[in-house]
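Input: a single structure, listed below in structure tokens.
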Amino acid sequence: MSLLRLIVLLAGAALLAACDSEQNDPYPAAERGQAILYSAFTERPKHLDPAQSYTEDENTFIAQIYEPPLQYHYLKRPYTLIPGAAEQVPTPVYYDAAGKRLPADAPAASIARSVYEIRLRPGIRYQPHPAFAVGDDGRPVYETIDAAMLAKVERIADFPRTGTRELTADDYIYQIKRLAHPHLHSPIFGMMAAHIVGLRELGDALQQAAKANPDAWLDLDRFPLPGVERIDRSTYRVTLKGKYPQFLYWLAMPFFAPVPREVDRFYSQPGMAAKNLSLDWYPVGTGPFMLTENNPNRRMVLDRNPNFHGETYPCEGEAGDREAGLLADCGKPLPLIDRAVFSREKESIPYWNKFLQGYYDASGIASDSFDQAVRLAVGGDVALTDEMQAKGIRLLTSVRTSTFYMGFNLLDPVVGGKDGVGEARARKLRQAVSIAVDQEEFISIFMNGRGIPAMSPLPPGIFGFVEGEGGINPVVYDWIDGRARRKSVEAARTLLAEAGWPNGRDAKTGEPLVLNLDTTGGGMGDKSRLDWLTRQFAKIDIQLVVRSTDFNRFQEKLRKGAVQLYYLGWNADYPDPENFFFLLAGAESKVAQGGENASNYASPAFDRLFAEMKDMDNTPQRLDIVRRMNRLLQEDAPWVFGFHPKSYTLGHAWLLNRKPNDVANNILKYQRIDVAARAAARHAWNAPVLWPLAALLAVGLAILVPAVVAYRRRERRNARGNDGR
Amino acid sequence: MFAYLVRRLLYAIPILIGVNLITFALFFIVNTPDDMARMQLGVKRVTAEAIEKWKAERGYDKPLFVNAQASGVGVVTETIFFTKSARLFVGDFGRAEDGRDIAREIRTRMGPSLAIALPTFVLGLFVTVCLALMLAFFRATPLDFWGVVLCVAMMSISGLFYIIGGQYLISKLWRLVPISGFSAGLDAWKFLILPVLIGVVSGIGSSTRWYRTIFLEEIGKDYVRTARAKGLSELAVLFRHVLRNALIPILTGVVVVIPLLFMGSLLTESFFGIPGLGSYTIDAIQAQDFAVVRAMVFIGSVLYIVGLILTDLSYSWVDPRIRFES
């Protein structure tokens, strides 16, 4: 009887506890009512060191913490650079080989040096951090941390004393030197060493020093870098070889954010790395937020930096921003939230359901939730489903600054033609394939319409992208009735016949044309995609053989040029056509140079135009060159231009000032939360359903009681089978 | 017993070397040091020079097994295999390829893994043994028949289904607990209830059926009849006699997994956002982090060996007739 009483008591207690609404709230009750943004991340960031971080997963965090000299305007499109920590966007000054100053419009060939002078805004201060803590004697408190002190420390917050100091030009210079640090393996070192005067030599010197004393801290101030010069406490100058206008975009990335020498020194002390106390784990910046909890296995927390210098919300944007309420917070001091909590969600189902319960403020749309979230109208327009609309959820769409493509390896004798069927035949073959592979169908079937067909390497938002008739790929499309229409399969067959493969067979030998596609397939849905692709080739009687392999072997095949066709994509580093066209520049050939041109496309005409275009400012002349380059690529068809993906983001009604931005990452400071609206919605959406517990209890009793009765009856039964009464 | 233990521990050394060798060979058949470098450095703008530097810094520029350039013992010791394996035997797991301390990471993640695995194990064992004894008690009745049918049905369902179904019903529809997440503090219970419940339920089918078979085998033996003839209640017969005598086959399957509870569950941790060792291993495999994979396989092997030794020891505990002869 006592056991039954205990069960009833426990069940009663559980029911009483469950009567409170939001039993499913994954956050501490103390956080309710606070201006906290809740989001999630799927991939654990590998690096948070600004010299190493390159991926979007990493920049989501460090872009909120570090302040590079420049940043992108949050609302304006096309993407516009504005000052970040710098007072203004620097204008480069050009010099010839003799050191004579040149005018701004001097030809790129005459420019031997470009000098960017960056002056910082005064009064910018670092987040509180123990590396800045100084004692009464003015010396850093944690200059020498002994084992006893370190034993008491597990997190950076365990250091009892913190301090701050003003941002200086030295911090930016120190970080540029860190790009050459041999232990950091900065992904942009090789590229920047080709531009910043003396950076390669600095890398060599640091390599030597590190080899001589592998465990010692490298004090970068002891190593000169002639290309980066301190002018005064708030001004520094970067000297580049030749002309490189894209450098301004790099100045908006965390690679060029400040790192104070004392912070580097602080983290280099013995025993720190073993406790994950490093710049890679606990970044230190001047930005609007600071990382206060770093548990990339569970959650990462960004808190408002109390020393942030008072940037305000923008007061101008593009057309429609005011109507969308994006200018309502004009002039308000940033950031507009106190904290951002990022929880790790490795699976899409829990992520999506928590979003629907109001526990995440925004979400993407996974393919298995697409039909629940969005419906496609007949005309291809997208709208939220009734369920989403009833919750007040908003849909934000934007075409990403990315390009996905199927490339031909032009070193191959069949699709490249050199030392084989001939370049003219191969070109027609590539054009025929470009027509046959129906990207519109691919986007519709496999991407739920989330993409637009690519006409060239350039996605919308990049200088040189042209919409409408002027921007179509005339090799693949015709402009009919005000829209681009893919040429017929017959046109592709004609091209194939002209290439010497009528009906997909060699005109001389009668052998069928077989092409090989190398891919990293193997995941769910890949088979149907590859089957679809095989059918696209079959439309023009080409036999496609799919060679699936793992990522490493695929990369190796690309490096060796052992592929015929392959699939790849590219996300823009910065909004400039150079960042896409370089993927097809001869100097970037994958096989010959180990570069990014996996098609090994080498067109002297294209390379000449590329060399001219890459150093130009965005002028009408540059636009003309970009168009000519596009035309060359469309004619040569080294890629089957695939698509530019569209990002669909859902946001709750209480998440304000949200605007898609594919280039900038430091957007957290602009977001605002209507805390009261969120609390009300969560309360309304998360009332627990208790009857299943009662039903479960009833079912349990329904099984238990007869079982107990049967047991007792059996216990009372005698050997003859009577119950003994 | 001491001699037996020493002998078993000595046997473990070649086993561990063999496991390490196989892990090493399998990993490097699939991945080259170049691949690992590319994975760590990223695919964008990475240069051949950067790859060489990365390899040299981490010792992946050496030959895999035999260093023909070296002399003396250096032929064996100046290889990737030796330099990466030798330290494991003194408990030094080194650093992950991204520079983070593996031992620290394991210490941090062990707690969450155990927080799920231990209650699931204990509760699951208790529930399944009770259910199996109940079915054995009601043997040859409709309850037994339908119980077995239900067990077969439950063991035929994928573990993933239990997780997704449980999350859908309990967290999404009924909104009783959070769908996923973890908290190290007092709030932890609300994150643990669902994965533990699902872990217990998903294990009921196979374990109950297995234990029932064991109990039924025991229940027909003479000592059980004697116990009944003594007038003992059926509960006393089942729990005091049948269960005790059926422990050897149960322990064979149960004790060996106790040390492995530290290793966590790959699927459960992934779906419930538990920052344990299971998800650590999966992340490392996906990131081609050989240092972590090697360390986790090594620890898994050590724990498995410990589990086997504990199983042997437990035999003598439950059955005094079993003695360890040297």
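In what follows, chains are A, B, ... by sequence order, proteins preceding strands, each numbered from 1.
- Heavy atoms closer than 4.5 Å to chain B are found nowhere in A:Q593, neither backbone nor side chain.
- The distance from the CD1 atom of B:I170 to the CG atom of A:L696 is 8.5 Å, given to the nearest 0.5 Å.
- Per-residue counts of heavy-atom pairs under 4.5 Å with chain A were compared for B:M134, B:R228, B:E105, B:M39; the largest is that of B:E105.
- Considering every non-hydrogen atom in both B:W189 and A:Q23, the closest pair reads CH2-OE1, 4.3 Å.
- Atom CD of A:E56 sits in a sparse spot, with 12 or fewer heavy atoms from other residues, nucleotides or ligands closer than 6.0 Å.
- Between A:W281 and B:R100, some side-chain heavy-atom pair lies under the 4.5 Å cut-off.
- Proximity of A:F189 to B:K53: side-chain heavy atoms (C-beta onward) are separated by under 4.5 Å at one or more points.
- Counting heavy atoms of neighbouring residues, nucleotides and ligands inside a 6.0 Å radius, atom OH of B:Y168 does not exceed 12 of them.
- Chosen from A:Q52, A:R299, A:E43, A:Q207, the residue pairing most often with chain B at heavy-atom distances under 4.5 Å is A:Q207.
- Within the 4.5 Å cutoff, the side chain of B:F272 has no heavy atoms near those of the A:P350 side chain.
- Looking only at side-chain heavy atoms (C-beta outward), A:H185 and B:E57 come within less than 4.5 Å of each other.
- Per-residue heavy-atom pair counts under 4.5 Å with chain A were compared for B:R109, B:Q167, B:K190, and the maximum is reached by B:R109.
- Side-chain atoms of B:P275 and A:R344, non-hydrogen and from C-beta on, never get closer than 4.5 Å to each other.
- How far CG of B:L160 is from CD1 of A:I349: 7.5 Å, rounded to the nearest 0.5 Å.
- Side-chain contact between B:L176 and A:L693 is present, with heavy atoms from C-beta onward closer than 4.5 Å.
- For the pair A:K275/B:R104, a side-chain contact is recorded, criterion being any heavy-atom separation below 4.5 Å from C-beta on.
- Side-chain atoms of A:Y711 never come within 3.5 Å of backbone atoms of B:F137 as a donor-acceptor pair (strictly under, hydrogens ignored).
- Between the side chains of B:D35 and A:Q555, no donor-acceptor pair of N or O atoms lies under 3.5 Å.
- Contact detail for A:A274 and B:D101: the closest heavy-atom pair is O-CB, 3.5 Å.
- Looking at heavy atoms from C-beta onward, B:T32 lies in side-chain contact with A:R553 at the 4.5 angstrom threshold.
- Among A:R559, A:H47, A:E556, A:M191, the residue making the largest number of heavy-atom pairs under 4.5 Å with chain B is A:R559.
- Taking CZ of B:R175 as the start and CG of A:D25 as the end, the distance is 13.5 Å to the nearest 0.5 Å.
- Highest contact tally toward chain B, considering only A:W685, A:W570, A:W691, is held by A:W570 [criterion: heavy-atom pairs under 4.5 Å].
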